[in-house]
Amino acid sequence: MRLTTDALIIRENNNIGEADRFVTALTRELGLVRASARGAQNMKSRNASATQLLSYSRLTLFKGREKYIIDEAEPLRIFFDLRADIEKLALAQYFCELAGVLAPSEEPAEEFLRLLLTALHLLGAGKRDPRLIKAVTELRLLALAGYMPDLTACRACGGTDSPVMWLSLTAGSLTCDACPRPGGAVALPPNILAAMRHGLYRELEKAFSFTMQDASLTELSRAAEAFLLAQLQRGFRTLDFYHSLSNGA
């Protein structure tokens, strides 16, 4: 089988030979694909720049016995602006690691790809706070993978008018102040809940289009992250590194 598809390189490993590069690509038609790019470690190779981490490229693939082979690679966009800022680069690598866990393999993943490209573009452009981009990306990746939280109303009484709503990190549902809440819930003041609803439920083109005060951005980022870690029940090395640079925000 031979296929040409657009893809974002989310992982690269240069230790499989003197010349080849092994990559994980998030493709439009096939989701996550693990493939080798022949000769890509040679900087004179036409596949070199197009198969680097954070390169958005048009790949021509064919399937071998055990893995895909990248026959041709044409760079469409390389996110050079992220490499100039170590904190942004760390956050971008975290998004890639998340996609590597949550995106499907051997099936279309256009929405995953669109989300990551949007997040990386906004991160590089510097027009949105990284904490806002992080929270929205986490929530939408979870939703695409089947971990959509219900942020509409209290699961017990259906109420929506409460000074604070409580998000169950395990059940992914809300409880108002008047109803008994489960353990392991985090408080969501109205502005944090409104931001999470906006980022999760609006169309992608508008999902990142809101502003918040500095303290609220940190609270939003921590709430989204807590929900993600509880749902996936695992940590992320790239997230730990990002926090070591961003003072835990």
Side-chain angles (χ1 to χ4, degrees), residues 8 10-11 24 26-28 30-33 91-120 122-123 130-156 158 160 164-176 179 181-189 192-208 210 217-240 242-243 249:
L8 177 70
I10 64 170
R11 185 177 181 182
T24 302
L26 177 60
T27 71
R28 194 178 304 278
L30 294 173
L32 293 173
V33 165
L91 188 54
Q93 291 175 318
Y94 168 54
F95 293 161
C96 288
E97 188 178 6
L98 271 182
V101 170
L102 294 172
S105 299
E106 300 295 335
E107 63 181 81
E110 181 171 359
E111 292 304 308
F112 284 90
L113 181 58
R114 287 182 61 227
L115 173 58
L116 252 68
L117 291 174
T118 301
L120 295 179
L122 292 173
L123 192 59
R131 290 167 294 180
L132 185 155
I133 298 170
K134 172 179 173 290
V136 174
T137 303
E138 287 171 331
L139 290 171
R140 293 186 79 99
L141 278 174
L142 285 172
L144 288 172
Y147 298 91
M148 169 80 81
D150 181 2
L151 302 181
T152 55
C154 174
R155 69 173 183 175
T160 59
V164 174
M165 298 290 274
W166 296 84
L167 173 65
S168 169
L169 297 180
T170 54
S173 56
L174 295 177
T175 304
C176 70
C179 295
R181 63 178 181 268
V186 297
L188 300 182
I192 304 301
L193 179 56
M196 293 178 72
R197 285 170 172 165
H198 183 105
L200 188 59
Y201 297 144
R202 295 295 296 269
E203 57 270 32
L204 181 59
E205 292 75 13
K206 298 180 180 179
F208 298 88
F210 61 93
L217 281 169
T218 297
E219 190 174 358
L220 171 65
S221 177
R222 289 175 176 171
E225 180 183 310
F227 178 66
L228 179 139
L229 295 178
Q231 290 293 304
L232 301 184
Q233 297 186 338
R234 55 158 293 173
F236 293 89
R237 176 185 54 82
T238 50
L239 177 62
D240 294 338
Y242 168 70
H243 282 318

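Residues: numbered from 1 along the sequence shown. If you're wondering where the values come from, they're calculated on a predicted model, not measured in any experiment. Below, all heavy atoms of this structure are taken into account, side chains as well, without hydrogens, waters or symmetry copies.
To the nearest 0.5 Å, the span separating SG on Cys176 from CZ on Arg155 amounts to 11.5 Å. Atom CG of Leu113 and atom CG of Leu144 lie 11.5 Å apart (nearest 0.5 Å). To the nearest 0.5 Å, the span separating CD1 on Ile192 from CG on Leu151 amounts to 12.5 Å.
Geometrically, Arg114 does not engage Phe112 in a cation-pi contact defined by less than 6.0 Å to the ring centre and at most 45° from the axis.
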Applying side chain to side chain contact (heavy atoms under 4.5 Å, CB included) to Leu174 and Leu193, what does each step give before you reach the verdict? CA-CA 10 Å; Leu174 295 177; Leu193 179 56; 4.0 Å; yes
Could you walk me through whether Leu188 and Met196 pass side chain to side chain contact (heavy atoms under 4.5 Å, CB included), step by step? CA-CA 9 Å; Leu188 300 182; Met196 293 178 72; 3.9 Å; yes
Candidate pair Leu26 and Leu32, rule side chain to side chain contact (heavy atoms under 4.5 Å, CB included), full reasoning: CA-CA 5 Å; Leu26 177 60; Leu32 293 173; 4.1 Å; yes
Run the side chain to side chain contact (heavy atoms under 4.5 Å, CB included) check on Met148 and Tyr201 step by step: do they pass? CA-CA 10 Å; Met148 169 80 81; Tyr201 297 144; 4.0 Å; yes
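More than 12 heavy-atom neighbours from other residues, nucleotides or ligands sit within 6.0 angstrom of CZ on Arg197. The environment of Arg234 atom CZ is dense: over 12 non-hydrogen atoms of other residues, nucleotides or ligands sit within 6.0 angstrom.
Closest approach of Glu219 and Ala187 over heavy atoms only: OE2-O, 4.3 Å. Closest approach of Gly172 and Leu167 over heavy atoms only: C-CD1, 4.0 Å. Contact between Pro130 and Leu91 at its shortest, heavy atoms only, is O-CD2, 3.7 Å. In plain terms, the two heavy atoms of Ala143 and Leu200 that are nearest each other are CB-CD1, 3.8 Å. The two atoms that bring Thr152 and Asp150 nearest to each other are OG1-OD1, 2.6 Å, heavy atoms only.
Counting heavy atoms from C-beta on, the side chains of Leu8 and Thr27 never come closer than 4.5 Å. Counting only heavy atoms from C-beta outward, the side chains of Leu229 and Leu239 approach each other to under 4.5 Å. Residues Val136 and Phe210 have side chains in contact (heavy-atom distance under 4.5 Å, counting atoms from C-beta outward). Within the 4.5 Å cutoff, the side chain of Lys134 has no heavy atoms near those of the Leu123 side chain. Inter-residue side-chain proximity for Phe227 and Thr170 is flagged as unmet; no heavy-atom pair is nearer than 4.5 Å. In this structure, Phe208 and Leu132 have side chains that are in contact, with non-hydrogen atoms separated by less than 4.5 Å.
Remark: the backbone N or O of Gly199 is paired with a side-chain donor or acceptor of Arg140 at under 3.5 angstrom. For the pair Ser221 (side chain) and Leu217 (backbone), a donor-acceptor distance under 3.5 Å is absent. When atom types are taken as modelled, the side chain of Thr175 and the backbone of Cys179 share no donor-acceptor pair closer than 3.5 angstrom.
With salt bridges taken as basic N to acidic carboxylate O contacts below 4.0 Å, one links Glu203 and Lys206.
Side-chain contact annotation: Ser168 with Arg181, donor-acceptor N/O pair under 3.5 Å absent.
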Ignoring hydrogens and angles, write down the donor-acceptor pairs under 3.5 Å from the side chains of residues 92-108, residues two or more places apart or on other chains.
from	atom 1	to	atom 2	distance (Å)
Tyr94	OH	Glu138	OE2	2.7
Glu97	OE1	Thr238	N	3.2
Glu97	OE1	Thr238	OG1	2.3
Glu106	OE1	Tyr68	OH	3.3
Glu106	OE2	Tyr68	OH	3.3

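By the ring pair (Phe, Tyr, Trp, His ring centres under 6.0 Å) test, Tyr147 is found to be paired with no residue, residues two or more places apart in sequence or in another chain being considered.
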